[in-house]
Amino acid sequence: MNILVCISRVPDTASRIIVASGGKTIDNTGIKFVVNPYDEIAIEEGLRLREKNGGTVTCVVLGTEVSKDILRTALAMGVDKAVIIKTADDNYDSYFTAENLANYAKTLNPDIILLGKQSVDYDSLQMPSTLGELLNMPSVSVVTKLTIEGTNVTAEREVEGGKEVISSTLPCIISAQKGLNDPRYPKLPDIMKAKSKPIEEVAAIEVAARVEIVGLEMPSKKRIGKLVTDSEVDIAEIVKLLHEEAKVI
Amino acid sequence: MNKILVFLEANNDSLKRTSYEVITAAKRLTAGENVVGVAINASAEQLAFAGEFGLSNVINIKSDLLNDYSSTLAANAVNEVIGEVKPDLVLFSGNARGLELAPRVATKIAAAYVSDCIDFEYDGAELIVKKPIYAGKAISKMKLLTGTKVLTLRPNVFTAVKQDATSVSVTDKAVALNAADKKVYVSSLAKNEGKLDVLEADIIVSGGRGIKGPENYNLIEDLASLLGGAVGASRAVVDAGWRPHGEQVGQTGKTVSPTLYIACGISGAIQHLAGMSSSKFILAINKDKEAPIFKMCDYGIIGDLFTVLPQLTEKIKANK
Ligand SMILES: Cc1cc2nc3c(=O)[nH]c(=O)nc-3n(C[C@H](O)[C@H](O)[C@H](O)COP(=O)(O)OP(=O)(O)OC[C@H]3O[C@@H](n4cnc5c(N)ncnc54)[C@H](O)[C@@H]3O)c2cc1C
Ligand SMILES: Nc1ncnc2c1ncn2[C@@H]1O[C@H](COP(=O)(O)O)[C@@H](O)[C@H]1O
C-alpha cells in the first residue's frame, strides 16, 4: 500500500498567542512548534495500515526549512520517507498549500492520503476536500474509525446528533479525528536514528493567492466575572442572575 | 452583492437551525430577494420554513443518486446550480456537512474560501471576514480576493432572525449526475436517540476531573436534562474513559458556542478554553478559587461541586 501522510507544523497547544508588530502574524518568540496533534493520529493510522498491508508511508510537509523538525518526529515514529515542499516564507494561503500537496501527490500516486481534520494554527478545515477536488478523489473528513478491506473503505464519523458510516473506495483521502487511534510515542533510539535520515526536498510551485490576511486581533474577553461562595443564598443569587441578567434559563 | 446562494439542509419536518442562520447572515449583505437557497431532495413543506426567515426563492436539487448523501455528487450538483444562479457569494453552515462540501465547491469554481467565519464586513466592493485562529486565541481578518467567494459560518454565532413570513417559491431542478462520480456516500446514519450533541445544544453542562468518576456524572446529566442541554466533558474525563470522545470540548475536541456553558470541576486549561470561549455566558463551579476558569467566566461558584450541583439543580427547578 502506497500511503501518503500530510503533516503541518503548529504551535504547541499550550502556547499563548500574541500578535506580532505589523499586526498580521503572531509573535513566535518562545513558542514551541510541534506536529499538528491530529496529524500524529494520521501518521499512526498510516503506520498501522502499513503494518497490516505492507507498503510504504511517505510523510510530507509544506513549509520553510524549519519544518524539517516535524519530519524528524514522523521518521522517529516510523515513516519510511520524509519530504518537504519548501517555501521561501510563511506567506501563503491554504489554497497554495493544497495545490502544492496535490502536485506532489500526483507524482506519488498514493492509494490513500491521510491528513488531520484540521491544522490547529489557521484551523482552515479544508485540506481533505480541496485535495479531493484537485486530485479527483473521494474524501472523508473527521474520521474516528477506518476499515479497509481490499479497495473497500468504510469510515465512521460523528456528525451533529449522530454517527455516520461512509462507504468509499481506494484511492481515497481520509482526515483523522481524535478517537481514531492513540498515536505511539517515538522511542529514544528511533529519535536518534531519525536525526540522520534523509529528507527529500521539493521546491514549491507558485500559486496565486485567493485569500489575504489583512490583520490579526485578540478576541475580546469581556466577561461579567462575578464570583460567589457556595452558600445557599449565593447559589440562589446565581440562579436569579442566570434568569434575569443573562436571560439564559 | 447581486446574488448570494445559501445552502439549506432539511431536518425532520423543517430545516436545520443553522440554515436559518445562514439565510439571516446573507441578508446582512444583500436585499432578501437577491438571496437564493439551494437544497438537495428537500420537500416543499420543509422548504416553506425558509419563508419565516425571509427567503422566497429556493432551487431544490432532485436526484435519486443523492438519496444516500454523497459529498462528491453534492458538489457536482451545487456546482451546476451555481452555474445557473451566478452568485457572488455562496454560504454554507460550518457543520459537518458544510465544512466538507464547501471547500469542494469552492475548488470547483476556483473561488476564495474561508471556513468558520464569525463576522464579516462588506463595503460594497471588498469582503473581509473574521475567523478564529489558533483555536480562538486570536481572530484573523481575511480578504477574499476572487470574484465569486465561498464561506462557511460558525454555527450559533449568526443568530437567526424571524421576519414577516413570505411564501417560498421552490424550483425543482433535475441535475444530470453520473453514478460513476458517487465515489463516497453515507451508507448509514445512527441518530443519538434522545441524546443532544454539544454541537447542537443551546446549553452545555460539562464535567472535568473534579467529578471524580463516571458514577457521579448523573449530577451533570440531571442539570443538563433539566435545562434541555447537552452533556460535555474535559479531555481529562475522556482520556480517563469516563465519557465518550464525542463529548470532549476543547482544542482537540469540539468547538462549541452555546448560549450558556456550565463548567463543573474543570480547571480551565488553555486547550479547554479554546473550545468554549465563544460561549455567550459561562458559569464555572470549582472548589479552587485560583482555578483559571474563574478568569474566563461570567458567573463562578467557589465550592465543592458535590454540594453545589444538587442545590443549583434544585433551585433552577424551583424557579421554572
Ligand atoms: C495536545 C493537547 C490537546 C488538548 N486538548 C484538550 C481538549 O480538547 N479539551 C480539554 O478539556 N483539554 C485538552 N487538553 C488537556 C488540558 O491541558 C487539561 O489537561 C485538561 O483540560 C484538564 O481537564 P480538567 O480541567 O477536567 O482537569 P484538571 O485540570 O485536573 O482540573 C480539575 C479541576 O476540578 C477541580 N475540582 C476537584 N474536585 C472538585 C470538587 N469536588 N468540586 C469542585 N471542583 C473540584 C479542581 O480544583 C480543578 O480545578 C489538551 C492537552 C494537550 C497537550
Ligand atoms: N503546510 C502543510 N503541509 C502538509 N500538510 C498540511 C499543511 N497544512 C495542512 N496540512 C494537512 O491538512 C490538514 C488539515 O489542515 P487545514 O485544512 O489547513 O485545517 C492538516 O491536519 C494536515 O494533515
Cut-off 4.5 Å, heavy atoms of chain B, and the answer for A:Met137 is backbone

**Study point:** Backbone N/O of A:Pro171 and side chain of B:Lys183: donor-acceptor pair under 3.5 Å
**Key:** no

Cut-off 4.5 Å, heavy atoms of chain B, and the answer for A:Glu232 is both

Value for CD1 (A:Ile26) from OG (B:Ser140), rounded to nearest 0.5 Å, stands at 12.0 Å

So, the part of B:Val238 with a heavy atom under 4.5 Å from chain A: the answer is side chain

*N/O donor-acceptor pair under 3.5 Å between A:Glu164 side chain and B:Ser188 backbone*: no

**Asked** Just by distance, do the side chain of B:Thr146 and the backbone of A:Arg210 share a donor-acceptor pair under 3.5 Å?
**Response** no

Honestly, the part of A:Asn136 sitting under 4.5 Å from a heavy atom of chain B is both

Honestly, the part of A:Asp121 sitting under 4.5 Å from a heavy atom of chain B is both

Applying a strict 4.5 Å limit to non-hydrogen atoms, the region of A:Ala208 in contact with chain B is neither

In this structure, CG of A:Leu227 is separated from NZ of B:Lys295 (nearest 0.5 Å) by 9.5 Å

When the 4.5 angstrom heavy-atom criterion is applied to B:Lys280 and chain A, the contacting part is backbone

Practice problem: Give the C-alpha distance, both sets of side-chain angles, the deciding distance and a yes or no for salt bridge (Lys or Arg N to Asp or Glu O under 4.0 Å) between A:Lys163 and B:Asp197. | Solution: CA-CA 11 Å; A:Lys163 187 174 269 178; B:Asp197 192 301; over 6 Å; no

Query raised in the report: Using a distance-only test with no angle check, is there a side-chain donor-acceptor pair under 3.5 angstrom linking B:Tyr299 and A:Glu245?
Result: yes

Correct closest heavy-atom pair for B:Asp298 and A:Ile224 would be OD1-N, 3.0 Å

Review point. Just checking, is any N or O donor in the side chain of A:Ser129 or B:Glu100 under 3.5 Å from an acceptor N or O on the other one?
Key: no

So CG of A:Leu216 and CE of B:Met142: to nearest 0.5 Å the spacing works out to 8.0 Å

Cut-off 4.5 Å, heavy atoms of chain B, and the answer for A:Ser139 is both

Of B:Lys315, B:Lys182, B:Glu314, the largest count of non-hydrogen pairs under 4.5 angstrom with chain A goes to B:Lys315

- request: Determine whether A:Thr13 and B:Ile270 make a side-chain contact, defined as any pair of heavy atoms from C-beta on separated by less than 4.5 Å.
  value: no

On a heavy-atom basis, the closest approach of B:Lys130 and A:Glu217 is NZ-OE2, 3.1 Å

Cut-off 4.5 Å, heavy atoms of chain B, and the answer for A:Ile238 is side chain

